[in-house]
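The structure under discussion appears below in the form of structure tokens.
Position 1 is the first residue of the sequence, and the numbers go up from there.
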Amino acid sequence: MSDIYRKHRARHHQRKQAEERVTTMAITDGLTGILNRQEFGRLLEKEMARASRYASPLSLIMYDLDHFKRINDRFGHNAGDDVLKTVAGLVGECLRDTDLHGRWGGEEFMVLLPETGLAAAGKVAEKLRLAIADHRFEGLGGVTASFGVAEMVPGEDSRSLAQRVDEALYRAKALGRNRVES
């Protein structure tokens, strides 16, 4: 193999790696490594269309960390960032390969569960709630999260589904936090 060919292959390989890095950066949240809001929204639309086409269930979970501002105020933003990364990892470990996990904003996250009805999604949310509540964070102890759960209804658009899951999350917060509401 000639030096020119070898250098050409190396440059091609480097370019492909750079393109992959740019693509990854465009669709993932820089802090947690999970899907960013834009990509999660795009995939939510796609999965809702598939669920409608095949008349299959689809549920959405929205969760956010309880009293997260207190963590940032008391322990600093680096500690808050570590909590967000750890929580994203804990949740990711509990999900199936077909489920989607994204950062919606701040300390709010979404989980999309294809082929999953409301009752099963509620069980998944409870499993996630316990995984977070049972974890001990070095230097700050425990953290809890509140969860909203909603199942797509026929003819519903993503905006409506996101609104309903957001309302369920706020019910969970209003009813005392560290709980699941649908």
Tell me, do [X] and [Y] make a side-chain contact under 4.5 Å, heavy atoms counted?
X: Leu161; Y: Val165; result: no
X: Ser146; Y: Leu169; result: yes
X: Val180; Y: Val149; result: yes
X: Ile61; Y: Met110; result: no
X: Leu58; Y: Leu112; result: yes
X: Leu95; Y: Leu128; result: yes

Taking atom [atom1] of [X] and atom [atom2] of [Y], what is their separation to the nearest 0.5 Å?
X: Phe40; Y: Asn36; atom1: CZ; atom2: CG; value: 11.0 Å
X: Tyr170; Y: Met62; atom1: OH; atom2: CE; value: 7.0 Å
X: Met48; Y: Arg53; atom1: CE; atom2: CZ; value: 13.0 Å
X: Leu140; Y: Arg74; atom1: CG; atom2: CZ; value: 8.5 Å
X: Leu44; Y: Ser158; atom1: CG; atom2: OG; value: 5.0 Å
X: Leu84; Y: His77; atom1: CG; atom2: NE2; value: 11.0 Å

Exercise. Could you list the residues that satisfy side-chain contact (heavy atoms from CB on, under 4.5 Å) with Ala145, not counting sequence neighbours?
Key: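 Listed in chain order: Tyr63, Leu65, Ile132, Phe147.
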
Quiz item: Residues in side-chain contact (heavy atoms from CB on, under 4.5 Å) with Ala120, at least two apart?
Solution: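 Scan of Ala120 (side-chain contact (heavy atoms from CB on, under 4.5 Å), adjacent residues dropped) gives Thr116.
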
Exercise. Starting from the C-alpha separation in whole Å, work towards a yes-or-no answer on salt bridge (Lys or Arg N to Asp or Glu O under 4.0 Å) for Glu45 and Arg42.
Key: CA-CA 5 Å; Glu45 297 273 347; Arg42 188 185 75 74; over 6 Å; no

Sequence neighbours excluded - salt bridge (Lys or Arg N to Asp or Glu O under 4.0 Å) pairs with any residue from [range]:
range: residues 78-94; answer: Asp82-Lys85
range: residues 148-163; answer: Glu156-Arg164
range: residues 101-125; answer: Asp29-Arg103

Quiz item: Would Met152 and Leu60 satisfy side chain to side chain contact (heavy atoms under 4.5 Å, CB included), going step by step from the backbone distance to the final call?
Solution: CA-CA 8 Å; Met152 183 181 90; Leu60 189 61; over 6 Å; no

Quiz item: Residues two or more places apart in sequence or in another chain: which of them pass ring-ring contact (aromatic ring centres under 6.0 Å, His included) with His135?
Solution: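 With sequence neighbours excluded, His135 shows a ring-ring contact (aromatic ring centres under 6.0 Å, His included) to Phe137, given in chain and number order.
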
Quiz item: Taking NZ, NE, NH1 and NH2 as the nitrogens, is one of them in Glu138 or Arg136 under 4.0 Å from a carboxylate oxygen of the other?
Solution: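 The answer is no: the pair does not qualify as a salt bridge.
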
Quiz item: With the threshold set at 4.0 Å, does a side-chain nitrogen-carboxylate oxygen contact exist between Asp73 and Arg70?
Solution: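 Salt bridge: no.
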
Practice problem: Before giving the answer on side chain to side chain contact (heavy atoms under 4.5 Å, CB included), spell out for Asp66 and Lys173 the whole-Å C-alpha distance, their side-chain angles and the decisive distance to 0.1 Å. | Solution: CA-CA 8 Å; Asp66 298 327; Lys173 293 224 172 255; 2.8 Å; yes

Self-check item: Option from Leu113, Ile34, Leu43 for which side-chain contact (heavy atoms from CB on, under 4.5 Å) with Leu100 holds
Solution: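 Exactly one candidate clears the test, Leu43.
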
Determine the minimum heavy-atom distance between [X] and [Y], stating which atoms define it.
X: Ser59; Y: Ala121; result: CB-CB, 3.4 Å
X: Gly80; Y: Asn72; result: CA-OD1, 3.3 Å
X: Asp99; Y: Pro114; result: OD1-CD, 3.7 Å

Quiz item: Is the side chain of Asp134 donor-acceptor paired with the backbone N or O of Ala131 at a distance under 3.5 Å, no angle test?
Solution: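 Not a single qualifying donor-acceptor pair exists.
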
Quiz item: For the hydrophobic clusters of this structure (ILVMFWY residues joined by side-chain heavy atoms under 4.5 Å, transitively), does one cluster hold both Leu31 and Phe68?
Solution: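 Hydrophobic grouping puts Leu31 with Phe68.
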
Self-check item: Atom CZ of Arg177 with >12 non-hydrogen neighbours under 6.0 angstrom
Solution: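 Enclosed: over 12 neighbouring heavy atoms sit under 6.0 Å from CZ of Arg177.
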
